[in-house]
Amino acid sequence: MAGRPELALKDLAHPTVGNQHDAPLWRSLAFARLSKWAEAREGFRNIEAAMGTLPIEMQRTMMKEMIRAFLEVGDFTAAVSQMRYA
């Protein structure tokens, strides 16, 4: 969120972070911000539980990036599915 996705990915790649808590969600956001759409899409696929723990404004930001990642890789079915929840 600070506009430094490269640094975020470096921190999120640390072994102690791994896939704990909402790390996959933040990793996916960083990939999206770097226009690495395939990586972002894969990460966004299984984050439903983590999304619900975020404040509503953050959920909106994540949802926007998630839908864009799906559209960028041509996964229109997943994008439409997510728009139903937006």
Side-chain angles (χ1 to χ4, degrees):
M1 295 302 298
R4 295 176 283 195
E6 297 90 354
L7 291 174
L9 284 174
K10 182 179 175 187
D11 289 342
L12 291 165
H14 194 275
T16 58
V17 175
N19 287 325
Q20 295 182 33
H21 308 292
D22 56 358
L25 178 66
W26 293 106
R27 197 174 295 118
S28 298
L29 178 64
F31 281 132
R33 296 280 168 92
L34 291 170
S35 299
K36 294 184 176 185
W37 304 117
E39 293 92 336
R41 174 184 167 242
E42 288 308 310
F44 280 132
R45 285 212 171 272
N46 299 310
I47 58 148
E48 301 298 325
M51 280 275 279
T53 65
L54 297 174
I56 193 72
E57 289 299 319
M58 186 60 61
Q59 287 181 31
R60 190 172 293 129
T61 299
M62 292 291 182
M63 188 70 75
K64 183 179 98 176
E65 294 292 343
M66 181 188 318
I67 292 169
R68 179 162 185 207
F70 289 149
L71 291 173
E72 291 287 345
V73 296
D75 191 348
F76 303 114
T77 304
V80 170
S81 175
Q82 290 302 319
M83 282 191 255
R84 291 181 185 161
Y85 300 110

- Any chain of hydrophobic side-chain contacts (each under 4.5 Å) joining L9 to L7? no
If hydrophobic clusters are built by linking Ile, Leu, Val, Met, Phe, Trp and Tyr wherever their side-chain heavy atoms come under 4.5 Å apart, do L25 and M58 end up in the same one?
yes
Are R68 and E65 within salt-bridge range, i.e. N to O under 4.0 Å?
no
Exercise. Examine distances only and state if a side-chain atom of S81 and a backbone atom of T77 form a donor-acceptor pair shorter than 3.5 Å.
Key: no
Rounded to the nearest 0.5 Å, the CG atom of L29 sits from the CE atom of M62 at a distance of 4.5 Å
Tightest non-hydrogen contact, residues L12 and W26, listed as CD1-C, 3.7 Å
d(R45 CZ, M66 CE) to nearest 0.5 Å is 10.5 Å
Heavy-atom closest pair (F44 atom, S28 atom, distance to 0.1 Å) is N-OG, 3.3 Å
Going through the checks in order, is the side-chain contact (heavy atoms from CB on, under 4.5 Å) test met by M63 and M51? CA-CA 9 Å; M63 188 70 75; M51 280 275 279; 3.9 Å; yes
Shortest non-hydrogen pair, L54 vs Q59, comes out as O-NE2, 2.7 Å
Correct closest heavy-atom pair for P5 and A30 would be CB-O, 3.6 Å
| query | Just by distance, do the side chain of R27 and the backbone of G43 share a donor-acceptor pair under 3.5 Å? | reply | no
Cluster overlap L34 with W37, hydrophobic side-chain contacts below 4.5 Å: no
